[in-house]
Amino acid sequence: MKYNFKKTEKKWQKIWRDEQTFQSEDNSTREKYYCLIEFPYPSGDGLHVGHVRSHTALDVIARHKRLVGKNVLYPIGWDAFGLPTENYAIKTGIHPADATRQNIAIFKKQIQSLGISFDWSREINTTEPEYYKWTQWIFLQLYKKGLAYKKAMPINWCPSCKIGLANEEVVDAKCERCGHVAERKNLNQWLLKITQYADRLIEDLETVDYLDKIKTSQINWIGRSYGAEIDFLVDNSNEKIRVYTTRPDTIFGTTYMVLSPEHELVEALTTDKQRKAVLAYQKLTRTKSDLERTELAKEKTGVWTGSYAVNPVNKELLPIWIADYVLSTYGTGAIMAVPAHDERDFEFAKKFKLDIKEVIQSEQGILAKAYIGDGKLINSDFLNGLEVEKAIEAINKWLEDNGIGKSAKNYKLRDWIFSRQHYWGEPIPIVFCEKCGEIPVPEDQLPVALPMVEKYEPTDTGESPLADISDWVNTTCPKCSGPAKRETDTMPNWAGSSWYFLRYIDPKNDQSFADQDKLKYWMPVDLYNGGMEHTTLHLLYSRFWNKFLYDIGVVPTSEPYQSRVSHGMILAPDGEKMSKSRGNVINPDVIVTEYGADVLRVYEMFIGPYDQAVIWDTNGIKGVKRFLDKVWKFENFVAKDSEKIISSLQQTIHKVTKDIDQMHFNTAVSSLMEFVNEIIITGCSQDTFKTFLILLSPFAPHLAEELNQKYGNKQYVCQEKWPKFDKNKIKISTIEMPIMINGKVRQRLIVSPDITEEEIKKLVMSDEKLQKYLISKPKKFIFVSGKMLSIVV
RNA sequence: GGGCGAGUGGCGGAAUUGGUAGACGCGCUGGACUUAAAAUCCAGUGACUGAAUAAGUCGUGCGGGUUCAAUUCCCGCCUUGCCCACCA
């Protein structure tokens, strides 16, 4: 009888749903296992085969953990605020809330057709007031602790999306969303002080188990460096310039100073003679987009202010320049330039014919390029003869003793720009009162709900569309009850996803974001999977929020995720990224309809190493279908298993268990295939076949359940016990042992696996084929028990 | 320019405390079944020499090295993917 996958898959999905088979227990004495998949953004495009890959992979793990007796939490929800939905609303007039609802319904149906064992009773949605009430609540806690503040600042501005962008959202100087070149614009923005957590975000990585490349990318993004801050007095003036440098040891090599064009001292330091040039340069850099600045990076530009600074160590006069290769947002926005030992300074000095003074001994001629390596200090007075490391210690002490500077550290990480001038996001719960100023909305008035509107178009002024809704904007001050206005900025996409893993633990709680006892039981997340594209930002932001919540005593662990893994992308058959515009998208629904969910699941697990990018191959699906058909049609049952089958079963148990643990799903599937190929030939007992069905069930749950039932098991496969590997049951009577002569395999002998060296030598000496190689006397035997024999003649 | 990773049959890929390279799957070739096709089943399938299921040579990006033995370890290159790029 042919396997009716459509009927069977529907049948089991209904049973699982009706009986709530995969619901996690909150008050359990069993050991917990929390596995988390990044919740999808319910876009209008529907589910992607990439979603299927990661959701299935963690489903295999979740199902396996249940079978070994763990209380598993494997939840799903929707990260539904965001620009695409808002843009869709602008285009079609459909309210974002309606569009979101529709998209979620589609995603949900698609995911459910795959038989993923999510606990649907915990489904969450970041756009529901019951959810974002708590996102706003967390913001208020940050605000209370002084970690949220408003500041006028130049932001990256996308003139196409009409939205402020965080540094992280500017890619190649372009808007991450639409690709339009980003500009600079001054706006009042909310910021979160993530920089205050920079050190802990680096150091606590030692306590978690992430892939090394993920840890590295977190560390690089934070970009901590150690150096010194040094004050340089300005000649004929009371002003002083503070610089940050990682190489204070080279201070005697300073030949000029550079301020960023935006630096606050520029105006005071500019002489009348230079004023015109300086103003022109400032204007030029202001209008330059980031892209132009990047593209022109090779060519250094700058202008002299007309002033000089005094080098504190030797009183030399140093001309003060402004140049846009010095960034206003990093360090102090000013540098001491040491062209002999810094590539950028060298380039600048060459172009403007400034002095180059060598202070580190090197073999190379300094005229060709800057020397940035180690060596002994020269031309540096009291530092002469010291190695770089020692010299840094010495100069730091000198600076401190003389009150001129001190050692310091710096980060590339900036505070997180948290404002967005858009409609479809969480309103920031702050009001502005004419009398009382900036007032947080009291917690009992949360959520500050998004008002229903007809128009979502962002304004050209940069204000949020919410600013146009006077009914909503005008409110009363929670403190004095006088007239007040609401904050009209909304939160970025990253807000709701920064804490969703906590909400799954207690999704219906209306007293707090989650119950403390439940949090203590479930946290931290044991396994977190997501794409590489989120390993810097989302991971950093959510770790920051969790640490903050830990500090105020409302979550039990400092780190939210015990381990983090990432999946590779699925590329289209042409080797390109799947995209609508290329027309090479594979729709998972089509595969499910044609072959069934189990085939799609097993195929995606078999397609290649989980952490690597793979190319979709429609032919590969046929192979998986053949495999599952063979399992369905299997009927070569025998009363008693052969020794060979008993051993093979144990080896398969061992391999599949190990591979699931290590996320080597492709080789787990291939060992299941090998086992089936074997029992088709030799036959196996029904018990052995049932054990095999348990091994298969995480990958092809519907088929495994159906066959399990067919062979009379009342209990579902998903409620069985995972078989235990028993090494003692493996009995191998003979092996093929290769005999190597001078490094080449010349013969293979069938022998017992525990043959001794003496016995195998005897066999070799009497072997006909080997005689011609053994005419000259063997010098050396290397015998690896149970593996091989190597002979040197 | 910097950081991390990857290069194995016609294709996706397997194998690393150094120990039979090419598991498993696709594709391909031949055969069985069929009026025919699809599906299914059986056999074969790294390259080369060879009538050969005799024997042998070569073979894991390229060039060296260590070793009885290297896809695996070391040195030097090439190619390619991803991430970050004026961070003082």
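Letters A, B, ... are given to chains in the order of the sequence lines, protein chains preceding strands, and every chain is numbered from 1.
Heavy atoms of A:R224 sit nowhere under 4.0 angstrom from any nucleic acid atom. In this structure, A:M788 reaches the bases: a heavy-atom distance under 4.0 Å links it to at least one base atom across the strands shown. Within the nucleic acid shown, A:D345 has no heavy atom closer than 4.0 Å to any nucleic acid atom. Looking at heavy-atom distances under 4.0 Å, A:K412 makes contact with a base. The residue A:S217 sits apart from the nucleic acid: no heavy atom pair falls under 4.0 Å. Among the protein residues, A:V792 comes within range of the sugar-phosphate backbone only, with heavy atoms under 4.0 Å from sugar or phosphate atoms but none that close to a base.
Residues meeting the ring pair (Phe, Tyr, Trp, His ring centres under 6.0 Å) test with A:Y603, sequence neighbours left out: A:W616.
Looking at A:K300, its side chain comes within 3.5 Å of the base of B:C86 through a donor and an acceptor atom.
Taking only side-chain nitrogens and oxygens, A:R242 never comes nearer than 4.0 Å to OP1 or OP2 of B:A88. One finds a side-chain N or O of A:N666 lying less than 4.0 angstrom from the OP1 or OP2 phosphate oxygen of B:A14. At B:G59, none of the side-chain N or O atoms of A:K744 fall inside 4.0 Å of OP1 or OP2 (strictly under the cut-off).
We find that CE of A:M740 is positioned 7 Å from P of B:A21, with the value rounded to whole Å. Taking atom CZ on A:R626 and atom P on B:U40, their separation rounds to 5 Å, with Å as the unit. Rounded to whole angstrom, the span from the CG atom of A:N619 across to the P atom of B:C28 amounts to 8 Å.
If you find the closest nucleotide of RNA chain B to A:E343 and to A:I607, the one lying nearer the 5' end belongs to A:E343. If A:G743 and A:N677 are placed on RNA chain B by their nearest nucleotide, the residue sitting closer to the 5' end is A:N677.
The base-pairing partner of B:C68, taking Watson-Crick or G-U wobble contacts with both distances under 3.5 Å, is B:G19. Figure legend. B:G59 is base-paired to no nucleotide; pairs are counted as Watson-Crick or G-U wobble with both atom distances under 3.5 Å.
Nucleotides B:U8 and B:G3 are separated by 25 Å at their P atoms, to the nearest Å.
Comparing B:U20, B:C26, B:C24 by their nearest atom to the side chain of A:E736 picks out B:U20.
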